[in-house]
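Each remark here refers to the structure printed beneath this line.
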Protein chains: 2
Amino acid sequence: MSRPTIAEVARAAGVSVASVSRVLNGLPATEEMVVRVQRAVQELGYVPDSRARSLKVGRTFQLTLAVADVGNPVYVTMMRAVEEVVSAAGYRLVVTTTGSDVVDEVALVRGMARGYADGLVISPLRVDDDLIKSIRECDVPVVVAGNVPASAGVDTVRANSPKGMALAVEHLLAKGRDRIAFVNGPVDTVPGAARAKGFADAVKQYKLEAAGTIEADDFTFAAGRAAGREFFETNRPNAVICANDLLAVGVMHELAAYGLAVPADVAVIGMDDSELAEQSFPPLTSVNLGSAERGRRAAELLLARIDDDTRKPKRIVVQPTLSVRRSTP
Amino acid sequence: MSRPTIAEVARAAGVSVASVSRVLNGLPATEEMVVRVQRAVQELGYVPDSRARSLKVGRTFQLTLAVADVGNPVYVTMMRAVEEVVSAAGYRLVVTTTGSDVVDEVALVRGMARGYADGLVISPLRVDDDLIKSIRECDVPVVVAGNVPASAGVDTVRANSPKGMALAVEHLLAKGRDRIAFVNGPVDTVPGAARAKGFADAVKQYKLEAAGTIEADDFTFAAGRAAGREFFETNRPNAVICANDLLAVGVMHELAAYGLAVPADVAVIGMDDSELAEQSFPPLTSVNLGSAERGRRAAELLLARIDDDTRKPKRIVVQPTLSVRRSTP
DNA sequence: TTGTATGCGTTATCAA
DNA sequence: TTGATAACGCATACAA
């Protein structure tokens, strides 16, 4: 015996399928009707089929969050925030990993047309015209957690990297560190470009002589280590800012290998203020770019747009703060 | 104008909906038919609706992976492995966080009856009769990544914690550490109970005098720190084995706070061999309980069972290895 | 308030 | 090989 349908419940309760549906969805019904239906539901162990319901109402009550790398702890933070908001609104969250290739991102957005989910929060690592186009043409609402042009006409919520970079530089200068190096991720990515600009701005504003910039191959721990190796063969900075926490932890490992103490010899600042910042040793001073708040607001924007698709696209910017820990003096 | 349906494609191509469906699903058709349909599909930008398809074929081509805590890096490893297998088989993966409460796990398994997904891999932290019952009664195939009784009649793939614990103890003894402490997670959890038994066995086998056992409140970094604090006020072990990497990193932080050097004063071994083990400082010697392989095999079992529900339940045990890093001499 | 009947978009069965 | 048509399980417009 397979799963009972609403028709069998109706038969068992001696009422119509419409009445069963109404009771199940909390629409007006007499006390007796409610009792009869609920009893039948109970007895048969009836559970509504979400597939059929989805087809009928045109919604899956499922939302997608697309991130580049589930191994990056910043996405854990963001995921938690998004999950909290959407589940409170009665949606399930589907987390998808796109990888760092933009064609996979485009394929994902295009695939949304199949109706897997009612909406999408995407945090794209790389953005090109194809991606913007696919987002604009997407059948379901999309919110970008990241930076795309206003012309894309889409809700966005992004971090303020330049401001965050300024916080990091100010902190280091206040602690007397003036030879500041910068380890970035790939500059052809959205966060990479933003961090690069932020660092350049800060250097100019504070009239620093930048003690070298290096572009790691990726935003990962391994890339951070490799960058660190390359780095300390050429420069001798007394501080280094990294584009995210994973890179920073990688660099710290390499510093240790070179016998340099953190923060005594070299101060290190990460970005994202992820759980890893707290767990690393020494605990990592990190720029909190508001990943939790960005996730929360992105989810809220998505829900709002699902509710009303005519509203004007919002562009939210979340301001950074600095979480000072022991990797800086 | 909204998304085109198969009927509109049929009209545009001047053929029947049945023919369109056939072409789209690669069933036999004449060359000309294929061309005409594909052209119409192209022109209209038709994309099949997965909701309707799901209702008709009774499958969503979606699989669920349920884990306790997305912040635990061991699940990242497992998730990656599962994702790889299921996506190769044409399924999307939905990752769900259950938290550590068994009633949430039961609710999740029960909810599968709604037909959200075609199968479930669950890695339960706590197991009770309700959960076993819900798994046995579940409408879709379930594979347990963890330890449940054979009487549950379900496919399982689990780690060999006792063996892993033995590896850790042997390694420490070989390095001359004889006062070995143990920081476990909650013993009312599946992994907690398994680790506890494993440590007790190893202590007996190697005739150790255990230098204290402590039960942390959770399998988290914060709980590890708290456990470490409590610990080093009472005991002075020269080695400590932790039930997972997060706990181990927490304990190492506390050791540093007490001015104890790792591994010189105290050797530390974690379990799971997650990415965090590599990233921690010093890099953490960790028992690899085969989380990647467990994920892979669990996914394979699930696919096999979806394919044939009559096959006899398999119980796979994955053997551990030791990843030696610098937190041990 | 309740029941009847229709349709959501697709696949599958059956005749042609 | 192709076309007409009946489901899949549910929600809802409309009638009673």
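Labels below follow one simple rule: chain letters A, B, ... track the order of the sequence lines, proteins then strands, and each chain is numbered from 1. Values below: every heavy atom of this structure, side chains too, minus hydrogens, waters and symmetry copies.
- Going from atom CG of L44(B) over to atom C1' of dG9(C) covers 15 Å, rounded to whole Å.
- Counting only distance, with no hydrogens or angles, the side chain of S54(B) and the backbone of R59(B) share a donor-acceptor pair below 3.5 Å.
- Taking the side chain of L55(A) as heavy atoms from C-beta on, and the options dG9(C), dT4(C), dA11(D), the nearest nucleotide is dG9(C).
- Formation of a donor-acceptor pair under 3.5 Å by the T97(B) side chain with backbone atoms of A68(B) is not found in this model.
- Mapping A18(A) and A7(B) onto DNA chain C by nearest heavy atom places A18(A) closer to the 5' end of the strand.
- Regarding E8(A), its CD atom lies at a distance of 13 Å from the C1' atom of dC8(D), rounded to whole Å.
- Side-chain proximity of P28(B) to the nucleotides dT10(C), dA11(D), dT1(D) is greatest for dT1(D).
- Look at S16(B) and you'll find a side-chain N or O under 4.0 angstrom from OP1 or OP2 of dG3(D).
- Residue R22(B) is in base contact, counting any heavy-atom pair closer than 4.0 Å across all strands shown.
- Distance CZ (R3(A)) to C1' (dC10(D)): 12 Å, rounded to an integer number of Å.
- One interatomic measurement links the two molecules: CD1 of I6(A) to P of dT4(C), which rounds to 14 Å at whole-angstrom precision.
- A residue-by-residue look at V15(B) and A52(B) shows that V15(B) has its nearest nucleotide of DNA chain D further toward the 5' end.
- Note on T30(A): only backbone sugar-phosphate atoms sit closer than 4.0 angstrom, heavy atoms only; bases stay farther off.
- Only one option out of R305(A), R297(A), K312(A) pairs with D155(A) in a side-chain hydrogen bond (donor to acceptor under 3.5 Å, both in side chains); it is R305(A).
- Picking from dG9(C), dG3(D), dA11(D) the nucleotide with the shortest atom distance to the side chain of R53(A) gives dA11(D).
- Put simply, S21(B) has no side-chain N or O that comes within less than 4.0 Å of OP1 or OP2 on dT10(C).
- Put simply, CG on L24(A) is 12 Å from P on dT12(D), counting in whole angstrom units.
- Contact annotation for A29(A): backbone-only contact, meaning every heavy-atom pair under 4.0 Å involves sugar-phosphate atoms and none involves a base.
- With D49(B) contributing its side chain and R51(B) its backbone, the two residues share a donor-acceptor pair below 3.5 Å.
- Here the C1' atom of nucleotide dC8(D) and the CZ atom of R59(B) are 15 Å apart, to the nearest Å.
- Side-chain contact between I6(A) and Y46(A) is present, with heavy atoms from C-beta onward closer than 4.5 Å.
- Between R51(A) atom CZ and dA7(D) atom C1' there is a gap of 15 Å when expressed in whole angstrom units.
- Between the NZ atom of K56(B) and the P atom of dT5(D) there is a distance of 16 Å, given to the nearest Å.
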